[in-house]
Amino acid sequence: MHLTGIDEGAAGSKPAGKGAQLLELPARFRDGDAGAAGAARYARGSASEALQAKVAQAGAEDAFFVADLGEVKRQFAQWTQLLPRVQPFFAVKCNPDRLVVKLLAQLGAGFDCASKGELEQVLGEGVAAERVIYAHPCKPASHLRYAAARGVELMTFDNGDELHKIRQLHPGAKAVLRILADDSSARCRLGLKFGAAPDAAPALLRLAVRLGVDVVGVSFHVGSGCQSEAAFGDAVERARRVFDSAAALGLRLTLLDVGGGFPGAGELGGLDFASLAAVLRAAIDRHFPPAAYAHVRVIAEPGRYFVASAFSLAVNVVARRRVEGAAPAFMYYVNDGVYGSFNCIVFDHQRPRPRLLSPRDAPLFASSVWGPTCDSIDCIMSDGQLPELQIGDWLVFDNMGAYTLCAASRFNGFNLSDLVYVDTEGALL
Ligand SMILES: *Cc1c(COP(=O)(O)O)cnc(C)c1O
């Protein structure tokens, strides 16, 4: 077997594409931890130039991400254009990458944080407390105290015990009632865990009044990876009914939070953002007509939407096995897997598909792709068609920016994948 790339790599670096050499991050981006992936670098030029430059480095073998901050900026611009009435609060859990958070802060986004750690990160970037929603309906006391100390007031709740806790630990909070939405079509259902049933809302509002907790609005989440535009419209209507219940109690609510669940760009089989935005705009205008509801501010908590398409992951074929049988078939072993960045297969129900970094016209064979650990659950693609790969070849998985690195482990002694930034819009670097 010819071990393509290994000898050449060790002998010295191949010439990279023009303008695509890897550079140290500018000093202002280097303070502290350079991100989940360690010492990140950046490349001038496009994501594909950065992919080529990185694999051309001497001894290149480790898996790595290329993150295009320009793509995040383009997604932000599209949001502003298609949902002008809805202010996005980026759901940090989806991808807490430092430069992504910095960029979104600079663009004027708000942030959805769900823990003390996320609050610390976002406030540490200099984001004002008013631009943060603590969007977790079940908060540990110490995290709630931290929010109070730092002046983060906006927060969700969905049960009476949480209202008692808020009254005790953060009496100045502005509480947002999270209601259940129909998430039956979503890839990740969140309603199994959170959200007050619509008929429980009036009693919760009454309890809040009795406790003196200031309820300012309603939120919902249609589920992550939502596959139904109608779910958004339906949830906006449900929210409106809670506004009506509140009005009957003399409460004038001022915030509608339509949550997350928006598709990432380039996702196979996902919703189309433009048509979803049209449905959502229409639902908001119908149930919260601007003339009568000018006092209502509308926000959202998109996570996946901003980051999915901004990150590509390159992995190296470290071993392969020819499968015995009539027709040739191959198993390939690569150096990131389900315990690492591909945890999105287990937790986020993604089905990443690879492409060859250097495409070629060649016959296709039945192929499976496996992660590096000793566990057989560590399978990235169980049945696909690929040209015959050699050890040392590179595969690229696009749309890997959401729910990937943030939940990766070092199980079995394997490192987290490295990270290279590019900035095709001159957004930050
Ligand atoms: C995870 C989460 C989000 C983000 O969801 P996406 O599907 O990534 O947009 C928003 N809000 C809350 C409360 C969440 O738990």
Side-chain angles (χ1 to χ4, degrees), residues 72 75-76 78-79 82-83 86-97 100-101 104 109-115 117-119 122 132-139 143 147 152 154-159 162 175-196 217-229 231-232 235 239 255-267 269-273 276-277 280 298-311 343-344 347-350 399-407:
V72 177
Q75 288 293 97
F76 189 87
Q78 176 182 250
W79 182 287
L82 295 178
L83 290 172
V86 185
Q87 199 184 345
F89 282 54
F90 175 56
V92 174
K93 77 164 187 280
C94 176
N95 186 336
D97 179 82
V100 167
V101 167
L104 285 167
F111 293 89
D112 155 1
C113 299
S115 63
E118 290 182 358
L119 290 167
V122 167
V132 175
I133 180 166
Y134 187 174
H136 196 308
C138 299
K139 296 168 275 300
H143 300 218
V152 173
L154 213 50
M155 61 188 58
T156 58
F157 74 100
D158 65 1
N159 66 81
E162 194 73 5
V176 177
L177 174 56
R178 174 151 161 195
I179 57 168
L180 263 179
D182 176 8
D183 63 359
S184 54
S185 80
R187 230 164 50 208
C188 305
R189 304 186 65 176
L190 305 177
L192 300 171
K193 191 167 179 185
F194 301 120
V218 178
S219 77
F220 57 77
H221 197 304
V222 294
S224 200
C226 177
Q227 303 292 316
S228 154
E229 294 166 351
F232 275 93
L255 185 82
L256 170 66
D257 176 356
V258 300
F262 300 88
E267 250 178 68
L271 286 181
D272 172 56
F273 181 70
L276 167 58
L280 181 56
V298 187
I299 71 171
E301 302 163 353
R304 183 189 310 283
Y305 168 82
F306 282 123
V307 289
S309 53
F311 285 61
N343 69 80
C344 60
F347 297 129
D348 194 41
H349 313 294
Q350 293 184 37
N399 303 310
M400 285 287 289
Y403 305 107
T404 51
L405 248 186
C406 51

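These values consider heavy atoms only, across backbone and side chains, with no hydrogens, waters or symmetry-generated copies. One-based numbering, in listed order, for ligands and for the atoms of each.
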In the protein, what heavy atom is nearest to [atom], and what distance, to one decimal place, separates them?
atom	result
atom 7 (O) of ligand 1	Ser224 OG, 2.5 Å
atom 8 (O) of ligand 1	Tyr403 OH, 2.6 Å
atom 15 (O) of ligand 1	Lys93 NZ, 2.7 Å
atom 10 (C) of ligand 1	Glu301 O, 3.1 Å
atom 3 (C) of ligand 1	His221 NE2, 3.3 Å

ask   = Does Arg178 have a heavy atom less than 4.0 Å from any atom of ligand 1?
value = yes
query = With a 4.0 Å cut-off, would you call Asp348 and Arg304 a salt bridge?
reply = yes
With respect to [X], determine whether any N or O atom, backbone or side chain, lies less than 3.5 Å from an N or O atom of ligand 1.
X	value
Gly261	yes
Gly259	no
Tyr305	no
Arg304	yes

key: Structural part of Asp112 in contact with ligand 1, heavy atom criterion under 4.0 angstrom   = side chain
Find all atoms of ligand 1 within a distance of less than 4.0 Å from any non-hydrogen atom belonging to [X], and give their numbers and elements.
X	value
Ala135	13 (C)
Ala91	3 (C), 4 (C), 10 (C)
Gly303	4 (C), 6 (P), 8 (O), 9 (O)
Pro302	9 (O)

request  = Kindly assign one of parallel, tilted or perpendicular to the pair Trp79 and Tyr305, based on the angle between their ring planes and the thresholds 30° and 60°.
outcome  = perpendicular
